[in-house]
Amino acid sequence: MQTILTDFYTLESYEKTENGSFIANISLNKDHDIFKGHFPGNPVTPGVCMMQIVKELTEEFTGLKLFLKTASNVKFMAIINPFETPDLKLQLDITQTEEEVKVKNTTSFGETIALKMSVNYKKLTS
């Protein structure tokens, strides 16, 4: 899997559900340099990193290269501290048209929903 977030997270497992959604389980690397600056003594997973993870997982599951067109209803509902809650579950409801890939994402840890968002990606040609 290609990622710009080198060593930031590990895709532990994933499955495709009966309704076509993907459920991915990832683990954050609490020792990554990003957490030393965001924020010292109180590490918080940057929202932009979570958005990048969703893009990378969507690319992995579809086999496509994608470019973010729009993001809507982006709601960060809980802080993701990599020391307290490094294991995350991401549900990705992926639909495709000829030119676009749309994703509805819910990210959670335990019973807590941390992120909800809808994104549209443009399909890139190699």
Side-chain angles (χ1 to χ4, degrees):
M1 186 164 120
Q2 189 173 1
T3 174
I4 65 169
L5 294 172
T6 306
D7 296 326
F8 187 74
Y9 70 100
T10 302
L11 176 59
E12 299 292 347
S13 65
Y14 70 90
E15 64 177 307
K16 188 172 185 176
T17 66
E18 288 181 16
N19 68 0
S21 297
F22 287 87
I23 305 291
N25 295 292
I26 67 168
S27 292
L28 299 175
N29 175 6
K30 64 181 174 41
D31 298 318
H32 195 278
D33 285 345
I34 285 175
F35 296 117
K36 292 175 184 162
H38 197 272
F39 297 93
N42 186 26
V44 174
T45 304
V48 69
C49 292
M50 290 306 305
M51 292 179 75
Q52 180 65 25
I53 290 169
V54 169
K55 176 181 175 275
E56 290 177 0
L57 291 175
T58 303
E59 288 178 329
E60 176 75 9
F61 300 153
T62 62
L64 299 167
K65 293 303 268 171
L66 303 170
F67 181 82
L68 178 65
K69 268 179 64 171
T70 61
S72 60
N73 300 319
V74 180
K75 296 182 176 127
F76 294 96
M77 303 163 78
I79 290 174
I80 302 172
N81 179 320
F83 286 87
E84 295 172 5
T85 54
D87 299 320
L88 305 175
K89 181 172 98 176
L90 291 85
Q91 178 175 334
L92 298 112
D93 300 328
I94 301 171
T95 55
Q96 294 188 48
T97 65
E98 206 171 298
E99 297 178 2
E100 285 186 338
V101 175
K102 296 180 181 186
V103 180
K104 287 187 179 177
N105 166 252
T106 302
T107 300
S108 58
F109 52 86
E111 297 299 311
T112 303
I113 295 174
L115 167 64
K116 281 187 166 191
M117 71 174 181
S118 297
V119 287
N120 290 350
Y121 300 107
K122 178 181 178 182
K123 292 180 181 179
L124 297 179
T125 54
S126 304

**Q.** Donor-acceptor contact present, side-chain Thr85 to main-chain Phe109, <3.5 Å
**A.** no
Q) Counting distance only, does the side-chain N/O of Lys102 pair as donor-acceptor with the main-chain N or O of Thr97 below 3.5 Å? A) no
**Q.** Atom of Pro40, atom of Gly37 and distance for their closest heavy-atom approach
**A.** CD-O, 3.7 Å
Q.
Hydrogens and angles aside, do Tyr9 and Glu56 bring a side-chain donor and acceptor to less than 3.5 Å of each other?
A. yes
Q | Distance-minimising heavy-atom pair for Ile34 and Pro46 | A | CG2-CG, 3.6 Å
Q | Within 6.0 angstrom of Ile23 CD1, more than 12 heavy atoms from elsewhere | A | yes
Q. Do the side chains of Ser27 and Glu12 get nearer than 4.5 Å, heavy atoms only?
A. yes
(Q) Is the shortest side-chain heavy-atom distance between Met50 and Asn105 below 4.5 Å? (A) no
Q. Given side chains that start at C-beta, do those of Asn73 and Met117 come closer than 4.5 Å, heavy atoms only?
A. no
Q: Output the distance between atom OG1 (Thr107) and atom CD1 (Ile26), rounded to the nearest 0.5 Å.
A: 7.0 Å
Q | Single hit among Asn81, Leu5, Thr45 for side chain to side chain contact (heavy atoms under 4.5 Å, CB included) with Leu28 | A | Thr45
Q) Between Pro43 and Gly41, what is the shortest heavy-atom contact and its length? A) CD-C, 3.8 Å
**Q.** Any Val54 side-chain heavy atom under 4.5 Å of Tyr121 side chain
**A.** yes
Q: Search all heavy atoms of Ala78 against all heavy atoms of Thr112 and return the closest pair with its distance.
A: CB-CG2, 3.7 Å
Q: Take Val74 and Leu115 through the side-chain contact (heavy atoms from CB on, under 4.5 Å) test and state the conclusion after the steps.
A: CA-CA 7 Å; Val74 180; Leu115 167 64; 4.3 Å; yes
(Q) Tell me if the CZ atom of Phe61 is crowded by more than 12 foreign heavy atoms within 6.0 Å. (A) yes
Q. At their closest point, which heavy atom of Val101 faces which heavy atom of Gln96, and how far apart are they?
A. CG2-CG, 3.9 Å
Q) Going hydrophobic residue to hydrophobic residue with side-chain gaps under 4.5 angstrom, can you get from Leu68 over to Leu64? A) yes
Q. At their closest point, which heavy atom of Glu100 faces which heavy atom of Lys123, and how far apart are they?
A. O-CE, 3.7 Å
Q) side chain to side chain contact (heavy atoms under 4.5 Å, CB included) with Lys104: which of Thr95, Val119, Asp93? A) Asp93
(Q) Can you tell me how the ring of Phe8 sits relative to the ring of Phe35, calling it parallel under 30°, perpendicular over 60° and tilted otherwise? (A) parallel
**Q.** Heavy-atom neighbours of Glu99 CD exceed 12 at 6.0 Å
**A.** no
Q) Is the CG atom of Asn25 crowded by more than 12 outside heavy atoms at less than 6.0 Å? A) yes
Q: Taking atom CZ of Phe83 as the centre, report whether more than 12 heavy atoms of other residues, nucleotides or ligands fall under 6.0 Å from it.
A: yes
Q.
Once rounded to the nearest 0.5 Å, what's the spacing between atom CG of Asp33 and atom NE2 of His38?
A. 14.5 Å
